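Right, one structure below, let's go through it.
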Number of protein chains: 2
Amino acid sequence: METSCCAPNELTPDLRPIEGPEADEELAALAKAIGHPARVQIIRLLGTRVSCVCGEIVDQLPLAQSTVSQHLKVLKDAGLVRGEIDGPRICYCLDPRNLRRLRALIGGL
Amino acid sequence: METSCCAPNELTPDLRPIEGPEADEELAALAKAIGHPARVQIIRLLGTRVSCVCGEIVDQLPLAQSTVSQHLKVLKDAGLVRGEIDGPRICYCLDPRNLRRLRALIGGL
DNA sequence: AAATGCTATCGTCATCGAGCGATGAATGGA
DNA sequence: TCCATTCATCGCTCGATGACGATAGCATTT
C-alpha cells in the first residue's frame, strides 16, 4: 500500500536540558555516531530520499553489506535512524526528533 | 600584559561547501572529536571562561593530567581548540571559526 | 646554575572500532 | 514445500582509542 514507513514526525517540544552532565553524555554519543564518513553519507542518503531506503544504501557505499549493516546499527542505537520491517526488507529513515536534538546540543556549544 | 591569548576572532565568511565528499570527511572528523564526554566538558569549560583556561581543566575533570592533555590534543588536531604558549603555561581557547563550521555542517543534515 | 611548575610525550595495557567473509533467520514467491 | 532474497549476526584480524604513571622539555624564579 506504499504507506510511508516512517513515523509521523511528531512535533512535541523537546524539554530536555541542553547542558549539564546528561546533555554532555548525550551530545558525545550522538556526535560519536556521526563521527565516521560512511555514517555521514548514510544520513545524507536518508535525507535526500523521499521514501525511506533499505538496502540501496549498500549499493551507494563502497563497503560490504555486513559493514553497512554495522554502521546502520550504530546509527540506530544512537537514535538517529529508525528501521521498520517492510516485508522482506527493512526500511530505514532518519529520526527527525533526535536530529533536531543534535542540532540543539551543538548549537548550545 | 594580560592580552587575551586568543586570536582576534576573524569574521571572514566561510566559503567551504556544506556537502559532498570533503564535507562528509570534515563533519565526521569534527563530530568524532566531540564524541567523548570529557571533550564535550572541555569545550563547555572553554566556552564559559571569559579568559582562556590552561591547566584548570585538569582540576575540573576527574582525569589524570596526561589524559586531559591527550583530549586537548584531539580537539586541537580537529581544529576546535587552539593553544598558545603563555609564559610557563599554555592557554587554550575555542576556535570559533571551526565551531561555526561544525554548526553549519550539522545544520546541513 | 639550580630548582620549581606546567605540559607534552612515551610506554603500556585493555578495550573498542572498522572491515570482511561466512553463516543464520525471516519473508515472499515459485 | 523449497528456493531466492534481504538483512543481521558471528568470528576474526588489525589498527585506533582511552586511561594511567613516569619521564622529558621548557620557562620562570630563586
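Letters A, B, ... are given to chains in the order of the sequence lines, protein chains preceding strands, and every chain is numbered from 1. What you see is a predicted model, and the numbers here were worked out from it, not measured in a lab.
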Counting heavy atoms from C-beta on, name the nucleotide in dG21(C), dC7(D), dG21(D) closest to the side chain of A64(A).
-> dG21(C)
Look at K32(A) and dG17(C) and indicate whether a side-chain polar atom (N or O) is within less than 4.0 Å of OP1 or OP2.
-> yes
Which part of the nucleic acid does L63(A) contact within heavy-atom distance under 4.0 Å: base, sugar-phosphate only, or nothing?
-> sugar-phosphate
Atom pair distance, as rounded to whole Å: CD in Q70(A) and P in dC20(C) = 11 Å
Is a side-chain donor or acceptor of R39(B) paired with a backbone partner of H71(B) at a separation under 3.5 angstrom?
-> no
Counting just side-chain N and O atoms, does H36(A) come under 4.0 Å of either OP1 or OP2 of dG19(C)?
-> yes
Salt-bridge criterion met for E56(A) and R49(A) (N-O under 4.0 Å) = yes
Is the shortest distance from a Lys or Arg side-chain nitrogen in D95(A) or R97(A) to a carboxylate oxygen in the other one below 4.0 Å?
-> no
Please give, in whole Å, the distance from dT17(D) P to D77(B) CG?
-> 10 Å
Assign each of I85(A) and R39(A) to its nearest nucleotide of DNA chain C by heavy atoms, then name whichever residue's nucleotide is nearer the 5' end.
-> R39(A)
Starting at atom CZ of R89(A), determine the distance to atom C1' of dG29(C), rounded to an integer number of angstrom.
-> 13 Å
The residue, P88(B) or A38(A), whose nearest nucleotide of DNA chain C is more 5′ is P88(B)
Given atom CG of L61(B) and atom P of dA19(D), what is their separation to the nearest angstrom?
-> 10 Å
In whole angstrom, give the distance that lies between atom CD of E56(A) and atom C1' of dC7(D).
-> 14 Å
Report the distance from atom CG of D86(B) to atom C1' of dT28(D), rounded to the nearest whole Å.
-> 12 Å
OP1 or OP2 of dC7(D) under 4.0 Å from side-chain N/O of S69(A) | no
When we call it a touch if two heavy atoms are under 4.0 Å apart, what does Q65(A) touch: a base, just sugar-phosphate, or nothing?
-> base
Can any side-chain N or O of N98(A) pair as donor or acceptor with the backbone N or O of G79(A) at less than 3.5 Å?
-> yes
Separation of atom CG in L75(B) from atom P in dA8(C), rounded to whole Å = 12 Å
Do the side chain of T67(B) and the base of dG18(D) come within less than 3.5 angstrom through a donor-acceptor pair of N or O atoms?
-> no
Applying the side chain to side chain contact (heavy atoms under 4.5 Å, CB included) test to L99(B), which of L30(B), L46(B), L94(B), V81(B) qualifies?
-> L94(B)
Under 4.0 Å between a side-chain N or O of H71(A) and OP1 or OP2 of dG19(C)?
-> yes
Taken to the nearest whole Å, NZ/K73(B) to C1'/dG18(D) is 15 Å
